[in-house]
Visitor: 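Questions regarding the structure given below will be posed in turn.
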4 protein chains.
Amino acid sequence: MRVLVSNDDGVDAPGIRVLADSLAAVGQVTVVAPDRDRSGASNSLTLDAPIRALKMEDGRYRVAGTPTDCVHLALAGLLEHEPDIVVSGINNSANLGDDVIYSGTVSAAMEGRFLGLPAIAVSLASRDHKGDHYDSAAQAVLILMRRLLVDPLPADTILNVNVPDRPWHEIQGFEVTRLGKRHRSAPCIAQTDPRGKPIWWIGPSGGAEDDGPGTDFDAVRRGYVSVTPIHVDLTRYQALEKISGWMQAMTDAMDEKAA
Amino acid sequence: MRVLVSNDDGVDAPGIRVLADSLAAVGQVTVVAPDRDRSGASNSLTLDAPIRALKMEDGRYRVAGTPTDCVHLALAGLLEHEPDIVVSGINNSANLGDDVIYSGTVSAAMEGRFLGLPAIAVSLASRDHKGDHYDSAAQAVLILMRRLLVDPLPADTILNVNVPDRPWHEIQGFEVTRLGKRHRSAPCIAQTDPRGKPIWWIGPSGGAEDDGPGTDFDAVRRGYVSVTPIHVDLTRYQALEKISGWMQAMTDAMDEKAA
Amino acid sequence: MRVLVSNDDGVDAPGIRVLADSLAAVGQVTVVAPDRDRSGASNSLTLDAPIRALKMEDGRYRVAGTPTDCVHLALAGLLEHEPDIVVSGINNSANLGDDVIYSGTVSAAMEGRFLGLPAIAVSLASRDHKGDHYDSAAQAVLILMRRLLVDPLPADTILNVNVPDRPWHEIQGFEVTRLGKRHRSAPCIAQTDPRGKPIWWIGPSGGAEDDGPGTDFDAVRRGYVSVTPIHVDLTRYQALEKISGWMQAMTDAMDEKAA
Amino acid sequence: MRVLVSNDDGVDAPGIRVLADSLAAVGQVTVVAPDRDRSGASNSLTLDAPIRALKMEDGRYRVAGTPTDCVHLALAGLLEHEPDIVVSGINNSANLGDDVIYSGTVSAAMEGRFLGLPAIAVSLASRDHKGDHYDSAAQAVLILMRRLLVDPLPADTILNVNVPDRPWHEIQGFEVTRLGKRHRSAPCIAQTDPRGKPIWWIGPSGGAEDDGPGTDFDAVRRGYVSVTPIHVDLTRYQALEKISGWMQAMTDAMDEKAA
């Protein structure tokens, strides 16, 4: 089995090292990851400049690009053999609820799915971005990966996995979850820079608003590995009918306008 | 009615000017947009550096940041009065199918929705990023916006709108659509830079793979305004049950491991 | 006469507009300038990525690059006809003493000189980067430029010009000056960002340490246009002899080492 | 003796490792260097954003900034004890002639000098940025540094050192040199990116134009360590008199204008 490993914390982050080492026990691992921290990059793809990929002595690729760039480049040019699965992480902090929209970790997995491969994003629910138990997260990935390869998910689905920052024997089990929801993040913080000019900082993200039973927040808090299926087709099918009801009136409005 | 307008082509792009001017006829418009082209930025949020927002003489804000930064800053600090709706665009080329994942235009609208507001992303299906009929797209937004404000969508839904690059009287009507799907983009292009070092370019995006009836591709091709409801909750609920079936076996696998 | 105009405050800055308009009265002006503020860029040259130059409707070029990139690109590819002189500015604040080392304004002029042309860097000694009398600086450039073209400077010399921010009739005259010297800048400022991580800001630049008679600081303070010849050959010839005295002993030290 | 070591190739480059290890034999070394390759950064100083400095486990500092930022931050905030000397390098290729203007290696040394310390910039004259004999360059620095500390240079002078990429026993000795001069670099290279948009690359730097006896080019070619004194006061004193001759006429021109 061939595994492509990427992340958004950068190729030198502790999480990706632990992940790659663990996966090397069960497959042939290739690491293609950003040259530095690219957290919050979301699905950014570098279209206006070339990308550089440096193969390091240990065989890993250090890419001057986003997580999405890394996976895209790996699958659409860099690697000779297509991998069987993409695993992104282990992120140094949780990606719960709305976090997934901004997360480079999740985006790297999404890009793998777009390019035709099963994909897992995995994050460690640490405090202060300093995880202690990356091993637990790597262990959870191993179990999930084996399952995923024998029982594939639909082509528009990836798994977003969050693992409590605990020793493996203190993990309570796995739970399938939906994304919870955070409160709005704190207001932007207005400051003045040392040269007297106004600046703004994006405020810290909000606490959980919907973290009840069934959510990823709840599972992690209770010590379970949270496994959330995420789709990469953003169509909201349930809304199609309602909006269909608008169409005639709107088309009529056009005619009035044109008349 | 207060409207927040943003985009990803930058505050000086023609599309945002036409949009802001059109909306000014029906409401109080505030423009908060990137200082330069930020296409492909997706939902990137700038967390590791401060953001600067310059209020220009004409009242528009020029922000050194991503589209998501712009909307976030506007709603969480910059503006005194909360707007009633966020409109992002008019993008200088289509955002169809998988494009939405990478699109800064769509991300600006998503950020509006996250922060509690109805939101519309609008793109002109031009050739070569050079649109002729931004007026048509602005017209379509006006009609949609009126509808959206009297008949709100669920809190996790935004509208992704693509408008054919035609004069308004040649637009055939509105159609509600699902996202189509593109073929994989062309392979990355390997080059050598003038200093002899290897570089890669992300290849052009692929043509339509699923562009049949009901898709956004199909509507635009036939001359209709495509209106796709997009959700911002990425949970794939339909997969919850299947994955639930895995849980016991995986938790058992843990115990084996621990044993 | 053909004049290439660039700057480091960006193509939309007020200073470059006033300068270009003034010079248009006496020659054929081409503006090639950064797309945004690049103050402090020094002589940075973009070697690892391509540069984009957008010709605007009014004929000016907006370049996604540093001031040095702009002048280099203009003279080594973009322009059909080689200009007769390069003028960089009008910077929105003074470039006095040690400032010249970091200044993108001065660097743009240096790059012109490297590529074979006479060059002037001009700055307005405003308060808080908000100049009132760019016209005065443009006027001073006109006078200097005429002189420079009939009485050329040596090939390794450019002029660094600082103009008091006063109406033209309050300017006392021209003075040739040497660079003064600033005190060390204020210490770096340690802060914690909103996510709890340590950051540092470069402190404000220091006040004048050597601003006595003959310096650029002194001339500007007294209301004169300061004209400082600057060399682009950094060899310190006066030190050659002293260091020559070291050579034998050092070569001997090599032999000892090797022995 | 305390030595501050920086560079522009980045903290992980082979040259800075060899340099730091060598200097550790004679003093207390602190490494403060960019987190990635910043070649060509010149004296850029980051004024519009904060700088982050990460202390690594081995005590070295990895800075998200330019070479000038690194030295400035080290001396104006980061380090408790002021060093006795700044050494920048070992650059992975030569910095000869006009190269010094653009060189981040030289700029890091200049910043040390501005902040009051003796400083040496050292580069290995390798082919293709792949040096074999960094040890030779480190050896040359050790000899020079001992000399410099007992026989200081004037406060406005630093040393720019280029070392042939040969084993130490094949180095012919030390030579004091002036900067030679390169031909103009090759023209910019116009290309079209994969999305059909025009781009430009800065062309390769030119070959030597003035590389005769006494120049740094000549010394290195003949197998000598080239030692060039560089000044950080850019005033061209020799031109002061000539330009003085202009002043009266120009001031007269003002009066005419005003009249």
Side-chain angles (χ1 to χ4, degrees), chain C residues 39-47 50-53 72-73 76-77 98 100-102 110 114-115 143 147 153-154 157 168-169 171 173-176 178-179 184-185 187-188 190 199-203 227-237 239-240 243-244 246-247 250-251 253-254 258, chain D residues 39-47 50-53 72-73 76-77 98 100-102 110 114-115 143 147 153-154 157 169 171 173-176 178-179 184-185 187-188 190-191 199-203 227-237 239-240 243-244 246-247 250-251 253-254 258:
Chain C
S39 298
S42 189
N43 303 76
S44 294
L45 195 60
T46 302
L47 300 179
I51 299 169
R52 292 170 193 272
H72 192 102
L73 177 59
D98 318 333
V100 301
I101 287 289
Y102 310 103
M110 275 194 182
F114 270 118
L115 298 177
I143 292 175
R147 170 59 56 173
L153 289 172
T157 305
W168 180 244
H169 66 271
I171 301 281
F174 287 81
E175 272 193 10
V176 61
R178 63 179 167 87
L179 296 171
R184 282 178 62 147
S185 61
C188 289
I199 56 174
W200 295 91
W201 290 89
I202 301 288
V227 181
T228 313
I230 297 284
H231 41 204
V232 296
D233 173 356
L234 300 189
T235 309
R236 182 161 167 80
Y237 289 95
L240 289 179
I243 297 174
S244 288
W246 297 359
M247 292 297 114
M250 293 206 308
T251 303
M254 289 179 65
Chain D
S39 298
S42 188
N43 303 77
S44 294
L45 194 61
T46 301
L47 301 178
I51 299 169
R52 291 169 193 272
H72 191 102
L73 176 60
D98 318 331
V100 302
I101 288 288
Y102 310 102
M110 275 194 183
F114 269 117
L115 298 176
I143 293 176
R147 171 58 55 170
L153 289 172
T157 304
H169 66 270
I171 301 282
F174 287 81
E175 272 193 10
V176 61
R178 62 180 168 87
L179 296 172
R184 281 178 64 146
S185 61
C188 288
Q191 293 183 348
I199 56 175
W200 294 91
W201 289 90
I202 301 288
V227 181
T228 312
I230 297 282
H231 41 204
V232 297
D233 174 356
L234 300 190
T235 309
R236 182 160 167 81
Y237 288 94
L240 289 180
I243 296 174
S244 289
W246 298 358
M247 291 296 114
M250 294 204 307
T251 302
M254 288 179 66

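In this text the structure is predicted, and so the values were computed from the model without any measurement. Protein chains get the first letters and strands the later ones, always in sequence-line order, with residue 1 at the start of each.
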Visitor: Heavy-atom distance under 4.5 Å to chain D: side chain of C:Pro154, backbone, both or neither?
Guide: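 Only the side chain of C:Pro154 comes within 4.5 Å of chain D.
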Visitor: Shortest non-hydrogen contact from D:Leu47 to C:Trp201?
Guide: O-CZ3, 4.1 Å
Visitor: For residues D:Ile101 and C:Met110, report the shortest heavy-atom separation together with the two atoms involved.
Guide: CD1-SD, 4.0 Å
Visitor: Kindly compute the distance separating CH2 (C:Trp246) from CD1 (D:Ile143), expressed to the nearest 0.5 Å.
Guide: 13.0 Å
Visitor: Any idea which of C:Val100, C:Asp98, C:Val232 has the most non-hydrogen atom pairs under 4.5 angstrom with chain D?
Guide: C:Asp98
Visitor: Would you say D:Ser42 and C:Leu45 make side-chain contact, with heavy atoms under 4.5 Å?
Guide: no
Visitor: Checking heavy atoms, do the side chain of C:Ala190, its backbone, both or neither come under 4.5 Å from chain D?
Guide: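 Contact with chain D: none, neither part.
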Visitor: Restricting to non-hydrogen atoms, name the atom on D:Arg178 and the atom on C:Leu240 that form the minimum distance, rounded to 0.1 Å.
Guide: N-CD2, 4.5 Å
Visitor: Identify which of C:Thr228, C:Thr157, C:Leu115 forms the greatest number of heavy-atom pairs closer than 4.5 Å to chain D.
Guide: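 Max contact count across the listed options: C:Leu115.
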Visitor: So for D:Gln191, is it side chain, backbone, both, or neither that comes closer than 4.5 Å to the heavy atoms of chain C?
Guide: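 It is neither, since no heavy atom gets under 4.5 Å.
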Visitor: Checking heavy atoms, do the side chain of D:Thr46, its backbone, both or neither come under 4.5 Å from chain C?
Guide: backbone
Visitor: Any chance you could lay out the side chain to side chain contact (heavy atoms under 4.5 Å, CB included) test for D:Ile199 and C:Arg52, step after step, and finish with the verdict?
Guide: CA-CA 5 Å; D:Ile199 56 175; C:Arg52 292 170 193 272; 3.6 Å; yes
Visitor: At what distance, to the nearest 0.5 angstrom, does CG of D:Leu234 lie from CG of C:Asp233?
Guide: 11.0 Å
Visitor: Among all residues two or more places apart in sequence or in another chain, which pass the salt bridge (Lys or Arg N to Asp or Glu O under 4.0 Å) test with D:Arg147?
Guide: none
Visitor: For each of D:Ala41, D:Gly77, D:Gly173, D:Pro50, tally heavy-atom pairs with chain C at distances under 4.5 Å, and name the one with the top tally.
Guide: D:Pro50
Visitor: Write down the atom of C:Ser185, the atom of D:His72, and the distance for their closest heavy-atom approach.
Guide: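 Smallest heavy-atom distance, with atoms named: OG-CE1, 2.9 Å.
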Visitor: Locate the shortest heavy-atom distance separating C:Phe114 from D:Arg184; write the atom from each residue and the value.
Guide: O-CG, 4.4 Å
Visitor: If you count heavy-atom pairs under 4.5 Å between each of D:Val227, D:Ile171, D:Leu179 and chain C, which one has the most?
Guide: D:Leu179
